[in-house]
Amino acid sequence: MAHPFFWKKTRLERGKKYMTYIKKPDPVDVCIVGAGATGGTTAKVLAEAGLKVVVLEKGPRMKIENFSGDELKYLNRNYLWPDPKISPRTVRADDKSKAKTFQFSPTPQMVGGGTVHWAGWVPRPLEQDFKMHSLHGDIKGADLADWPITYDDLEPYLTKVEWEFGVSGLAEANKYEPRRSKGYPTPPLPPTKFGKKFYEGAEKLGINAFPIPHASISKPHRGRTPANFTGFWNQYGDPGTTRSSTLTSFIPEALATGNCELRTGCMIREVTVNKEGHAKGVIYIDSDGQEVEQEASVVILCPGAIESTRLLLMSKSNLFPDGLANSSGLVGKYATFHEYAFATGIFDKGVHDPLHGFAGHYISAGSMQFYETDEKRGYIGGCITSSSQVGHPINWVCPDRPEWGTAMKDADRDFYNHSMKIGIILQDLPQESNRVDLDPDVKDAWGLPVARITYKPHSNDIDMAKWMINKNVEILEAAGASKTIKVIPENELTGNTCHQHGTARMGNDPSKSVLNKWCQSHDVENLYILDGSSFPTSLGVNPTLTMMANAWRVSEYIVEVHAKDRQEQYVK
């Protein structure tokens, strides 16, 4: 593979703004940018419907034999994470602060995207998630908005993803879950030892607890067979077919139709438009350092809310001087990222059996009892809470753990097998000031401006985190923990969940949103954004299931609208 600087050097030697186009493949019906959760879903639905699809992915297509439970490889040597020297990002708290290079929300850039490294907990959102402004009105310092769709609009597609993708769970165990048209395709994963501790503490406190739905099969499903359940899940690739990912499911299914072509090693630098203002296609640099223009009747962006924003803002033209699809000036704004915060509990070694966090899986039992707004708590909204292991033997998480020498070794021996976490997915409120734009100073290895994240939590976020973590402490103590340690964000969030939403929110008013209810640009009728960019508000649950369901919903719409009359082509 040519080093990315090869293209930069050639460009400068030619003395031109960009290289002469070396490749220009035949136009296709649909060009999808990104082969992760939503890109894989979209490719499957469109290809199975008969559309000719090209999927462009920046990273490689790895094989399951590339993966293992090697803790050093994944956690210490960042096997799946983007290289910050090649693809950096910058972060700042506000406009007055200097942005610093930091790998904020570093989702793997590869076929399968975040579904390759994720823990895979996939609970459904609740009905109130789609009408936060109607429920709570204007909140000082925040910018709530209702979704232009409802839970009922999305429910059939939540079911489709669960059954096609392979999700294990137990319907109706979560008494706060809204209606569902079907149960789960495979039973819930067996509870871990730390999951049983969560159930024990929750029962004593009268808290409804249930097995967290997982993107992992517990019995044979669609040609896949579950293997040994292991705690080496989060941040690892699965060397088998137990855990669901678009790398091993939806992408191969799309390719099997003969209607889909997957190209890896593609660095997208621009979405082009024709003189009528329709998306013409995309320009990318391939793995040989050559520039390619791929034209398509429909262009769909799925690289994640940060990279979708970056691409739109880089795609300037005479028709779109402020970036593509940005007549509202809202591209990049209202960014939300969640945050994983937690309480750690330590159980006396002589009283409690070992918890063996390296066995089973990363996440086990949880609760959504504190999801709906209760203003007596001092904040609006709520979130899911769930039990987990404290990490892996070399890199386990205990905030007061000594960092060196005999004391560290003693702590590892005495506490690793007798510790657990209860964590939350923080539902952060959207704020116009929280945004993604282009850093004016920092460039990536291709000489392109990197994404700059400006992000500061709302006071509601911090209040929620404090209340929920205190509740987690209560559960740990009820389960028998002799010591608890709180990890609560204060003035900043780190992007540690890799959840990205809101930078191109959907809505009915073009002056207040970037996309319509079909995630179609108000400005560019054949441009869609199907990752989390479209979310008007963040959820209180992990968002990937909702993203995939929404991508499926919109893909069926695209098939209906754009496949009926193939003679209507936007490429001119």
Side-chain angles (χ1 to χ4, degrees), residues 16-19 21 24 27 30-34 56 266-285 291-335 432 435-440 443-444 446-454 500 502-534 536 554 558 561-562 568-572:
K16 298 179 180 179
K17 184 177 181 182
Y18 297 115
M19 290 173 60
Y21 297 152
K24 194 168 183 178
V30 181
C31 179
I32 301 171
V33 177
L56 304 176
C266 302
M267 177 60 204
I268 317 297
R269 71 161 177 82
E270 183 180 354
V271 178
T272 59
V273 295
N274 61 22
K275 62 183 180 180
E276 286 80 22
H278 297 137
K280 184 180 179 183
V282 302
I283 296 174
Y284 66 91
I285 312 305
E291 191 169 71
V292 182
E293 182 179 24
Q294 176 62 61
E295 296 183 346
S297 299
V298 178
V299 175
I300 301 175
L301 304 186
C302 298
I306 292 176
E307 292 302 314
S308 282
T309 297
R310 181 187 179 212
L311 183 54
L312 291 174
L313 295 178
M314 288 195 299
S315 301
K316 294 182 179 181
S317 64
N318 291 333
L319 290 175
F320 299 98
D322 298 319
L324 189 61
N326 197 25
S327 66
S328 64
L330 297 179
V331 168
K333 296 183 178 180
Y334 310 116
E432 185 174 356
R435 65 190 187 277
V436 176
D437 63 4
L438 301 179
D439 194 293
K443 303 291 190 293
D444 66 10
W446 291 264
L448 300 172
V450 306
R452 176 176 64 180
I453 295 97
T454 303
Q500 307 171 11
T503 56
R505 56 168 42 173
M506 57 176 160
N508 297 319
D509 185 344
S511 69
K512 297 180 180 179
S513 58
V514 177
L515 310 172
N516 66 18
K517 70 176 183 177
W518 299 110
C519 298
Q520 180 181 26
S521 165
H522 290 302
D523 298 346
V524 184
E525 61 184 353
N526 63 329
L527 174 68
Y528 294 79
I529 306 177
L530 300 190
D531 51 35
S533 304
S534 66
V554 176
I558 292 171
V561 171
H562 292 281
E568 184 181 355
Q569 296 291 323
Y570 292 119
V571 179
K572 297 180 180 179

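The model shown is predicted, which means the values in this text are computed figures rather than measured ones.
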Check: [Y] main-chain N/O paired with [X] side-chain donor or acceptor under 3.5 Å:
X    : Y    : value
E295 : K280 : no
H522 : S511 : no
Q500 : I306 : yes
S534 : M506 : no
S533 : A504 : no

Closest non-hydrogen atom pair, [X] against [Y]:
X    : Y    : result
L324 : V524 : CD1-CG2, 3.8 Å
V30  : A296 : C-CB, 4.0 Å
V331 : A325 : CG2-O, 3.6 Å
V282 : C31  : CG2-SG, 3.8 Å

Value rounded to 0.5 Å, distance of [atom1] in [X] from [atom2] in [Y]:
X    : Y    : atom1 : atom2 : result
L311 : I268 : CG    : CD1   : 7.0 Å
E270 : S315 : CD    : OG    : 5.5 Å
Y334 : R435 : OH    : CZ    : 12.0 Å
S308 : L301 : OG    : CG    : 5.0 Å
I285 : L448 : CD1   : CG    : 7.5 Å
N516 : D509 : CG    : CG    : 12.0 Å

Could you tell me whether the side chain of [Y] reaches within less than 4.5 Å of the side chain of [X], counting heavy atoms only?
X    : Y    : value
W518 : V561 : no
V554 : I300 : no
V299 : N526 : no
R269 : Y284 : no
V271 : V33  : no
Q520 : E525 : yes
L312 : L527 : yes
D531 : P303 : yes

K443 atom NZ, neighbour heavy-atom count above 12 within 6.0 Å
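For K443, atom NZ is crowded (more than 12 foreign heavy atoms under 6.0 Å).
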Passing candidate, salt bridge (Lys or Arg N to Asp or Glu O under 4.0 Å) with R310, options D444, D437, D439
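The passing option is D444.
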For residues 317-329, pull every pair meeting side-chain hydrogen bond (donor to acceptor under 3.5 Å, both in side chains), keeping only residues two or more places apart or in separate chains.
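For residues 317-329, and leaving out neighbouring residues, the side-chain hydrogen bond (donor to acceptor under 3.5 Å, both in side chains) pairs sorted by first residue read S327-D523.
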